[in-house]
Amino acid sequence: MPPAPPAGYENRLACGILNAMNTLLHSGESVKSAEEDYLAPLNPEQLEAVLHSGHPLLILAGAGSGKTRVITAKIAYLIKERRIPPHAILAVTFTNKAAREMAERARDLEERASSVMIRTFHSFGAWFLRCNAERAGLEPNFTIYDEDDSLSLLSLAAENRERSELKPFVRRIARAKDYFLSPDDPDLSRIDYRKDFKTLYAAYEERLRRVGSVDFGDLIKRPVEILKEQPEVASRLRDRFHAVLVDEYQDANVAQFELLRALFGPETYLCVVGDDDQSIYRFRGAEVRNILEFPERFPGTDIIRLERNYRSVSPILHLASSVVCRNQGRLGKTLVAQREGGKQPVLSFLPDQEEEASFCARLIENSVRQSGARKASYADWAVLYRTNAQSLSFETAFLRRRIPYRVVGSLKFYEREEIKDALSLLSCMANPKDEVAFRRIINKPARGVGPAALRRIMEEADGTDGDTVAAAERALSNLPPKARAGVTVFLKSLAASAADLGGRRDAGPRQSDWAVKAGDGLSVCVARLLHNTGLAVYHAANDESGTNQRAGNLQELANAASLYPATFEGLAGFLEHIELDRSFEIAREEEDAARDAVTLITVHNTKGLEFPRVIMTGLEQGVFPRTDKRGEELEEERRLFYVGATRAMDELYLCTAARRRLYGRPAFMRPSLFLYEIEQGRMRIIGDRPECFGILPPEGFPALKDGLL
DNA sequence: TAGTTTTAAGTTTTT
DNA sequence: CTTAAAACTA
């Protein structure tokens with residue numbers, strides 16, 4: 001579901017009126033209880049966290065300790081009791097899903113919370129950059145590059161190198177930005193000491209500026225740069241936000257920490273919530289030290305621990321804790337299960353991944369067929385795996401047995417060729433300097449524009465400030481007839497759509513019969529562009545499955561645009577949302593969400609979720625934990641295991657296979673190190689014991705001499 | 001230049 | 001095994 005466009009003025013007006021009414025209604029002592037209702041369900045620590053004020057606050061919230069409840073209650077409290085204007089509150093999350101959930105739950109407690117700025121770090125950065133585009137040297141309608149676009153851009157900047165060779169560099173550039181390191185920073189060697197890297201990074205940056213785009217890292221790094229260099233901007237922002245709340249703080253990287261620091265002024269109330277045991281994004285630059293050292297970085301910090309777990313029955317919590325407590329670098333919490341009793345977790349040894357899948361299928365099927373209190377619904381179940389590729393065997397097994405399922409996150413709607421093409425087309429409109437988008441789309445469908453013709457256009461672009469669209473127009477006379485005709489059609493389509501958007505760019509006359517109907521917003525314009533450029537027909541013809549999937553996907557994309565106004569700003573907003581919210585799903589979602597179905601999901605994606613019954617699969621050395629990871633990286637895998645296990649409320653199952661097809665070929669597997677780390681007696685083992693497979697625990701495992709499991 | 005065939009490569013996790 | 005890039009032919 002595409003997120004709704006920003007709230008309008010009338011919302012704020014309505015809130016103001018409600019606010020006044022509330023004050024009138026609740027002026028007497030007798031109605032006090034109604035006002036404090038939202039505080040009633042809180043335990044003493046949670047309440048303390050909600051009522052806290054003054055110094056910066058670090059809330060160490062264990063898994064299932066009611067973290068979101070505390071944040072949302074705090075938002076309500078700040079508005080109701082502390083009289084902080086809703087628009088002066090900023091709440092930052094890491095995922096769009098978390099942001100949506102927080103917004104929804106906060107609104108349930110306090111209507112005025114709908115005016116609170118609740119965004120992901122990246123979306124906040126994008127908002128800031130659009131407001132301060134000139135200061136950043138950007139057009140307000142800049143485009144946002146994903147990793148793939150960045151790779152294309154880097155291969156333009158280093159044309160003598162192959163894409164595959166550049167791929168690791170793109171990753172490291174992103175990493176450098178996570179650590180707030182510029183090409184000329186002496187600390188850059190911490191990412192990669194080779195001078196190649198510095199050169200490529202610098203070339204990439206220059207090119208990125210020229211095409212008027214930003215990448216994900218820039219959405220954080222560049223705002224921080226502006227705030228550091230221009231104190232008046234920083235102080236204006238500090239004036240605006242009186243309270244800043246951060247969720248999942250353990251996942252913040254260095255640049256995001258810097259952003260927080262820039263937002264933090266003497267009057268700012270800062271509250272971060274996190275759990276060092278759930279830090280699982282180190283590979284993306286997350287710094288556990290951010291949370292470990294928070295009190296030193298923000299002197300006077302108060303710390304509140306939430307250690308009551310309301311989610312899992314105690315055997316599950318004990319199992320999870322017994323593994324994660326092996327980590328060295330942790331603050332150390334003792335989670336106390338509030339739910340006594342419950343079933344013991346089950347470990348199952350399976351011969352291969354097919355058996356693993358059918359084991360899960362049987363398990364689920366049996367539970368659903370049960371009668372009485374133990375009967376489960378499909379939706380109670382989640383199957384967790386380490387990598388998206390593992391979902392396949394479950395999908396086939398579930399399909400065969402008619403078990404309804406839903407795969408979370410791997411849909412990658414936006415990564416489909418036809419969608420990327422359409423987005424490139426739109427990017428060309430929003431930002432004609434976007435060379436990556438232009439190159440992708442100029443010869444699709446085939447317009448007779450080959451390397452030679454493209455080079456001519458790009459030579460022109462050097463003289464037009466990088467404006468590829470204008471360059472194409474100027475190069476027309478220099479192109480061979482076929483290319484000239486093709487490019488002309490392309491340019492006309494763009495111009496016509498630009499006219500739809502208010503015709504800011506030199507467009508032809510606006511045709512009244514094509515005028516955009518008010519209710520349809522951008523979508524008519526998008527649909528027409530896809531049609532006029534021939535992209536829709538091209539993909540309909542190229543649809544291998546023959547089911548018109550691609551045409552349908554393009555239609556869905558156009559439909560999704562209807563929420564946005566038919567203006568250039570609307571277009572930029574639409575593109576931004578698609579680029580930042582990868583969970584963008586096809587409109588069947590409502591129907592889909594209501595369906596009773598098993599959830600197939602990566603462990604990373606489960607953060608913040610909970611399920612009555614959870615199966616963790618693929619618990620083998622090399623898969624989970626992944627390659628032979630050591631030290632910090634192994635600790636992160638361990639935390640990942642912890643996150644997965646603590647998603648379970650009532651029942652937890654663990655699966656490990658002896659054989660697995662890896663990269664096409666079958667491989668013999670050994671059980672995951674983590675299975676050996678589980679405290680003895682914390683689970684029931686079914687299926688063949690590992691010794692039947694002649695499998696030994698991972699090398700150097702200390703418990704070896706104490707006997708297996 | 002377009003489209004097809006061959007060959008190679010490479011597979012975490014996500015904003 | 002799947003996907004992507006490179007080479008080749010029409």
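Since the model is a prediction, treat every value here as computed from it, not as a measurement. Labels below follow one simple rule: chain letters A, B, ... track the order of the sequence lines, proteins then strands, and each chain is numbered from 1. Values below: all heavy atoms of this structure, side chains included; hydrogens, waters and symmetry mates excluded.
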Please report, rounded to the nearest Å, how far the C1' atom of B/dT1 is from the CZ atom of A/Arg447. 15 Å
For B/dT14, does either OP1 or OP2 sit under 4.0 Å from a side-chain N or O belonging to A/Thr602? yes
Between A/His604 and A/Phe283, what is the ring plane arrangement, given parallel below 30°, perpendicular above 60°, and tilted in between? perpendicular
Side-chain contact check for A/Tyr281: nearest option of B/dT15, B/dT14, B/dT12 is B/dT14
Any strand, both distances under 3.5 Å, Watson-Crick or G-U wobble: B/dT13 pairs with none
What interatomic distance, in whole Å, is found between C1' of B/dT12 and the corresponding atom of C/dA5? 23 Å
Can you tell me if A/Phe283 is stacked onto the base of B/dT13, using a 5.5 Å centroid cut-off and an angle below 30°? yes
Candidate pair A/Tyr145 and A/Val211, rule side-chain contact (heavy atoms from CB on, under 4.5 Å), full reasoning: CA-CA 11 Å; A/Tyr145 279 3; A/Val211 300; 3.8 Å; yes
Contacts of A/Thr95 and A/Lys167 projected onto DNA chain B by closest heavy atom; the upstream (5') one is A/Lys167
A/Leu200 vs A/Leu166, side-chain contact (heavy atoms from CB on, under 4.5 Å): CA-CA, chis, key distance, verdict: CA-CA 9 Å; A/Leu200 281 171; A/Leu166 293 172; 4.1 Å; yes
Using the side-chain heavy atoms of A/Asn96, tell me which of these nucleotides is nearest: B/dT12, B/dT15, B/dT14. B/dT15
Over all strands shown, is A/Ala446 touching base, sugar-phosphate only, or nothing at heavy-atom distances under 4.0 angstrom? sugar-phosphate
Which part of the nucleic acid does A/Ser164 contact within heavy-atom distance under 4.0 Å: base, sugar-phosphate only, or nothing? nothing
Measuring from the side chain of A/His604 (C-beta onward, heavy atoms only), which nucleotide among B/dG3, B/dT14, B/dT1 has the closest atom? B/dT14
What integer distance in Å separates A/Glu248:CD from B/dT14:P? 14 Å
Between A/Arg626 and B/dT12, does any side-chain N or O lie under 4.0 Å from OP1 or OP2? no
A/Glu165 CD to B/dG10 P, in whole Å, measures 11 Å
May I ask you to say what A/Phe121 touches in the nucleic acid, namely base, sugar-phosphate or nothing, with a heavy-atom cut-off under 4.0 Å? nothing
Rounded interatomic separation in angstrom, taking CG from A/Leu479 and P from B/dT1: 10 Å
A/Asp247 has an atom CG; how far is it from atom P of B/dT15, in whole Å? 14 Å
Quick one: label A/Ala453 by what it contacts on the DNA or RNA (base, sugar-phosphate, nothing), any heavy atom closer than 4.0 Å. sugar-phosphate
If I take atom CZ in residue A/Arg660 and atom P in nucleotide B/dT12, what distance separates them, rounded to the nearest angstrom? 15 Å
Heavy-atom closest pair (A/Ala136 atom, A/Arg222 atom, distance to 0.1 Å) is O-NH2, 2.7 Å
In short, A/Pro625 meets A/Phe674 closest at the heavy-atom pair CD-CE1, 3.7 Å
A/Arg661 CZ to B/dT11 C1': how many Å, rounded? 15 Å
Categorize A/Arg163 for me: base, sugar-phosphate, or nothing, with a 4.0 angstrom heavy-atom threshold over every strand shown. sugar-phosphate
The side chain of A/Asn443 lies closest to which of these nucleotides: B/dA2, B/dT12, B/dT14? B/dA2
In whole Å, what is the span from the CZ atom of A/Arg161 to the C1' atom of C/dA5? 18 Å
Taking a pair as Watson-Crick or G-U wobble with both distances under 3.5 Å, which nucleotide is matched to C/dA7? B/dT4
Can you tell me how far apart CG (A/Asn388) and CG (A/Leu392) are? Round to the nearest 0.5 Å. 11.0 Å
Return yes if the base of B/dT13 and the side-chain atoms of A/Arg386 contain a donor-acceptor N/O pair under 3.5 Å, otherwise no. yes
From B/dT15, B/dG3, B/dT12, pick the nucleotide closest to the side chain of A/Thr120? B/dT15
